[in-house]
Amino acid sequence: MHGLSALVTGVAFLPMTVLTSFMGPVAARLATRFGARMPVITGQCLIAAGLLAMVALPADAPVWLTIALMVPVGAGGAMAVTALVSLLLERVPAERAGVASGVLNAARQLGGALAVAVFGAQVADRTGFVSGLHTSLLIAAATVAASVVATVLLRTQVPDQIPAPAADAGPRPLER
């Protein structure tokens, strides 16, 4: 769209990327004060708002405006993921934390790979790049909005602890 070089494009992503490193402590403070769901929901709302605002940008919008609208997407993602990981690890017994973290990260990687494939297919046709980009942003915003609704509707009563596996719950030999 703007014809930026790879280096300039990378630099354009820096404000969004650098901001993510500051969002962990913000998410932690919000979680301490309001509970872990609040930063997850707030972060998701920031992501959706940023994505929808980018859809409204005309193709000839200044680069700085595009960069500015990527900031809430990055900040919201960092806020939501930080709080989500914290919430997950608080809810599982210590001996299951590695497995729980692995499953969460595998799901995140799978979602990212699927998004690249789906959104890449949307923008692959250079004649329809802008419309494909807008479609991709709308799909992403709708997915995040659905996640916000699911997060809000989740049970507020969560068991304090998921029972730890029984001591003898290891692998058993096959019986013949």
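Not measured: the values here are computed from a predicted model.
- Taken together through direct or relayed side-chain contacts under 4.5 Å among Ile, Leu, Val, Met, Phe, Trp and Tyr, V8 and V11 form parts of separate hydrophobic clusters.
- Atom CD1 of I41 sits about 12.0 Å away from atom CG of L30, to the nearest 0.5 Å.
- The two residues V123 and S136 have their closest heavy-atom pair at CG1-OG, 4.3 Å.
- L137 and V118 are not part of a single hydrophobic cluster, where members link through side-chain heavy atoms under 4.5 Å apart.
- Taking each heavy atom of S101 and L89 in turn, the nearest pair found is CB-CD2, 4.3 Å.
- Hydrophobic clustering (ILVMFWY, side-chain heavy atoms < 4.5 Å, transitive): V73 and V18 are in distinct clusters.
- Clustering of Ile, Leu, Val, Met, Phe, Trp and Tyr side chains at separations under 4.5 Å leaves L87 isolated, with no partner residue.
- Taking CG of L104 as the start and CG of L88 as the end, the distance is 5.5 Å to the nearest 0.5 Å.
- One hydrophobic cluster holds both V81 and V40 under the rule that ILVMFWY side chains link at heavy-atom gaps under 4.5 Å.
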Donor-acceptor pairs are to be reported for all side-chain atoms of residues 44-61 against protein atoms at under 3.5 Å, with residues two or more places apart or in another chain.
| from | atom 1 | to | atom 2 | distance (Å) |
| --- | --- | --- | --- | --- |
| Q44 | OE1 | T151 | OG1 | 3.4 |
| Q44 | NE2 | S147 | OG | 2.7 |

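- Counting all heavy atoms, side chain and backbone alike, A27 lies closest to A83 at CB-N, 4.5 Å.
- Rounded to the nearest 0.5 angstrom, I139 CD1 and Q122 CD are separated by 5.0 Å.
- No donor-acceptor pair closer than 3.5 Å links the side chain of S86 to the backbone N or O of T82.
- Cluster membership for L84 and M38, using ILVMFWY side-chain heavy atoms within less than 4.5 angstrom, is not shared.
- In this structure, CG in L69 is found 8.5 Å from CH2 in W64, a value given to the nearest 0.5 Å.
- Rounding to the nearest 0.5 Å gives a distance of 10.0 Å between CZ of F119 and OG1 of T135.
- Residues I67 and P15 share a closest heavy-atom pair of CG2-CG, 3.7 Å.
- Membership of the apolar cluster around L110 extends to L114, as traced through chained side-chain contacts below 4.5 Å between ILVMFWY residues.
- Taking CE from M79 and OG1 from T20, the interatomic distance works out to 12.0 Å, rounded to the nearest 0.5 Å.
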